K.L.:
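First the structure, which I've put down as structure tokens, then a few questions once you've had a look.
Being a predicted model, the structure only gives us computed values, none of them experimental. All chains are named by letter (A, B, ...) in the order of the sequence lines, taking the proteins before the strands, and each is independently numbered beginning at 1.
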Protein chains: 2
Amino acid sequence: MENYVNILRQHNLKATPQRAEITALLDRHGHLSIEELYELLKKKFHSLSLATIYKNINIMMENSFITEVKIPQQKSVYELSKEAHAHIVCQECNAIEDIHLNLEGVLTQASQKTTFHIDSAHLVLKGVCSTCRSAL
Amino acid sequence: MENYVNILRQHNLKATPQRAEITALLDRHGHLSIEELYELLKKKFHSLSLATIYKNINIMMENSFITEVKIPQQKSVYELSKEAHAHIVCQECNAIEDIHLNLEGVLTQASQKTTFHIDSAHLVLKGVCSTCRSAL
DNA sequence: TTAAATGCAAAAAATTTGCAGACGT
DNA sequence: ACGTCTGCAAATTTTTTGCATTTAA
């Protein structure tokens, strides 16, 4: 947990216990929605306010400490910022996995087909995870 | 406009004037947010209710007539459903362009790196359009 | 010690619902 | 004529804000 305190400070965020726990939860779970975070945080901080979560999510995003992942047909989830990567989401159980892909090919294609200068790519794949697939 | 009436009916939607106009606006503008739609619709239907927009957006999505496009750091926009394609968004002026890309390469990569069975891909590119670029 | 964070309550914004009257088919 | 849609008002849900108190540094 001392770990999380340091990484918070590196992002110019005061290391409060609530923030350390948010960090720990995101680290452990990978991706969590606001309500999921709230439910989990409340176990440790009984008097926790939703407002605190929103304020922290917002400042953590401003400081590029966490990133929002917008997923078609679902609520947004948040993750600790890391190098660019894609996501794959299970349509059955909503499990989310990070997946590192080489997008050079598509980015080259894209630059040829548009007059935009491209800065970043956000890719979300939808499918069915192996657990759900074997359960069918 | 007769056109829009037909395409609405093909999707099992009663062709009301409000719906025809929503269709026309999406067809003309490509991508619109809820508030943009509301502002534009109000010009034609002074007594229009936001509730009507929400109800229509929802039923149109259920009937796969329109599709929501979720964009990082911005409000969602809606478009008439068409064959799968990616989007490129200007960070300066929020302009959105459709872009058809061949994703075979990444999908192949992805299937090799995950145990998920992949059904669809949602790709949003971020960058700067040529107009904004020359304005810098 | 001081600026910033928390928690609470209230406010604002976004979305949904219920219902009476109007309208599409 | 029937079932659905619209518009309005009210209800929910989601997110933000203000302020007194606490707390990290």
Side-chain angles (χ1 to χ4, degrees), chain A residues 1-25 32-63 65-66 68-78, chain B residues 1-25 32-63 65-66 68-78:
Chain A
M1 195 62 87
E2 192 49 45
N3 231 340
Y4 299 131
V5 170
N6 290 331
I7 172 174
L8 280 165
R9 288 186 183 139
Q10 282 162 26
H11 287 262
N12 301 309
L13 293 163
K14 264 196 187 179
T16 65
Q18 289 85 344
R19 286 177 180 177
E21 182 68 4
I22 289 175
T23 309
L25 288 171
L32 292 170
S33 66
I34 295 282
E35 317 82 86
E36 287 169 337
L37 261 178
Y38 184 52
E39 291 310 317
L40 291 169
L41 265 281
K42 265 201 311 196
K43 292 181 181 171
K44 190 156 187 172
F45 304 97
H46 288 228
S47 64
L48 180 84
S49 166
L50 242 191
T52 298
I53 299 215
Y54 279 108
K55 286 170 184 168
N56 280 324
I57 288 292
N58 286 333
I59 195 175
M60 286 173 164
M61 287 203 289
E62 284 161 23
N63 294 21
F65 179 62
I66 65 173
E68 178 178 6
V69 183
K70 290 193 174 190
I71 301 170
Q73 285 101 44
Q74 300 186 204
K75 289 181 182 157
S76 288
V77 295
Y78 301 83
Chain B
M1 197 60 88
E2 190 49 46
N3 231 341
Y4 298 130
V5 170
N6 290 331
I7 172 176
L8 279 164
R9 289 189 183 137
Q10 283 163 25
H11 287 263
N12 301 309
L13 294 163
K14 265 196 186 179
T16 66
Q18 289 85 344
R19 287 178 180 175
E21 182 67 4
I22 288 176
T23 310
L25 288 171
L32 292 170
S33 67
I34 295 281
E35 317 81 84
E36 287 169 337
L37 259 178
Y38 183 53
E39 292 310 318
L40 292 169
L41 266 279
K42 264 202 307 196
K43 292 182 183 173
K44 191 156 186 171
F45 304 97
H46 288 227
S47 64
L48 181 85
S49 166
L50 244 191
T52 298
I53 300 215
Y54 278 109
K55 285 170 186 169
N56 279 324
I57 289 294
N58 285 332
I59 195 175
M60 285 172 164
M61 287 204 289
E62 284 162 22
N63 293 22
F65 178 61
I66 65 174
E68 178 176 6
V69 183
K70 290 193 174 188
I71 301 170
Q73 285 100 42
Q74 300 186 203
K75 288 180 184 160
S76 287
V77 295
Y78 301 83

K.L.:
Can you tell me if the side-chain N/O atoms of B/Q18 get under 4.0 Å from OP1 or OP2 in D/dG7?
P.N.:
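Checking D/dG7 against B/Q18, a side-chain N or O does come within under 4.0 Å of OP1 or OP2.
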
K.L.:
Starting at atom CE of A/M60, determine the distance to atom P of C/dA4, rounded to an integer number of angstrom.
P.N.:
17 Å

K.L.:
Roughly how many Å is it from OH in B/Y38 to C1' in D/dT6, rounded to a whole number?
P.N.:
13 Å

K.L.:
Between the main-chain N or O of A/R19 and the side-chain N or O of A/T23, is there a donor-acceptor pair closer than 3.5 Å?
P.N.:
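Between the backbone of A/R19 and the side chain of A/T23 there is a qualifying donor-acceptor contact (under 3.5 Å).
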
K.L.:
Would you mind reading off the distance between B/E21 atom CD and D/dC5 atom C1', rounded to a whole angstrom?
P.N.:
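Interatomic distance, CD of B/E21 to C1' of D/dC5: 17 Å.
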
K.L.:
For nucleotides 10-22 of chain D, read 5' to 3', which letter fits each nucleotide if B means a protein heavy atom sits under 4.0 Å from the base, S means only the sugar-phosphate is that close, and - means neither?
P.N.:
----SBBBB----

K.L.:
Applying side chain to side chain contact (heavy atoms under 4.5 Å, CB included) to A/V77 and A/L32, what does each step give before you reach the verdict?
P.N.:
CA-CA 5 Å; A/V77 295; A/L32 292 170; 5.8 Å; no

K.L.:
Can you list, in residue-number order, the parts of residues 8-17 of chain A that come under 4.0 Å of DNA chain C, counting heavy atoms only?
P.N.:
A/K14, A/T16

K.L.:
To check you understand the geometry: which heavy-atom pair defines the closest contact between A/L8 and A/F65, and what is its length?
P.N.:
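In terms of heavy atoms, the two residues are closest at CD2-CE2, 3.7 Å.
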
K.L.:
Are the side chain of B/K55 and the backbone N or O of B/L50 linked by a donor-acceptor pair below 3.5 Å?
P.N.:
no

K.L.:
By salt bridge (charged side-chain N to carboxylate O under 4.0 Å, His left out), which residues pair with B/E68, not counting sequence neighbours?
P.N.:
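Checked B/E68 against salt bridge (charged side-chain N to carboxylate O under 4.0 Å, His left out); zero matches.
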
K.L.:
Would you say a side-chain N or O of B/T52 is under 4.0 Å from OP1 or OP2 of D/dG7?
P.N.:
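Indeed, a polar side-chain atom of B/T52 lies that close.
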
K.L.:
Scan A/S47 against the nucleic acid and name what it touches under 4.0 Å (heavy atoms): base, sugar-phosphate only, or nothing.
P.N.:
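Counting heavy atoms under 4.0 Å across all strands, the contact made by A/S47 is with sugar-phosphate only.
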
K.L.:
Are B/Q18 and B/L48 packed together at the side-chain level, in the sense that at least one heavy-atom pair is separated by less than 4.5 angstrom?
P.N.:
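In short, these two side chains touch, coming nearer than 4.5 Å.
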
K.L.:
Whole Å only: how far is the CG atom of B/N56 from the C1' atom of D/dT6?
P.N.:
9 Å

K.L.:
For the residue pair B/Y78 and B/M61, establish whether any side-chain heavy-atom pair is separated by less than 4.5 Å.
P.N.:
yes

K.L.:
To the nearest Å, give me how far apart NZ (A/K42) and P (C/dT6) are.
P.N.:
17 Å

K.L.:
Closer than 4.0 angstrom, basic N to acidic O: yes or no for A/E35 and A/K75?
P.N.:
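Counted as a salt bridge, because a side-chain N and a carboxylate O are separated by less than 4.0 Å.
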
K.L.:
When the distance from CG of B/N6 to P of C/dT25 is rounded to whole Å, what number comes out?
P.N.:
10 Å

K.L.:
Between B/I53 (CD1) and C/dT15 (P), how many Å, whole number?
P.N.:
12 Å

K.L.:
Could you tell me the separation between the CD1 atom of B/I59 and the P atom of C/dG24, rounded to a whole number of Å?
P.N.:
16 Å

K.L.:
Would you sort out whether A/I7 and A/N3 count as a side chain to side chain contact (heavy atoms under 4.5 Å, CB included), showing the intermediate values?
P.N.:
CA-CA 6 Å; A/I7 172 174; A/N3 231 340; 5.8 Å; no

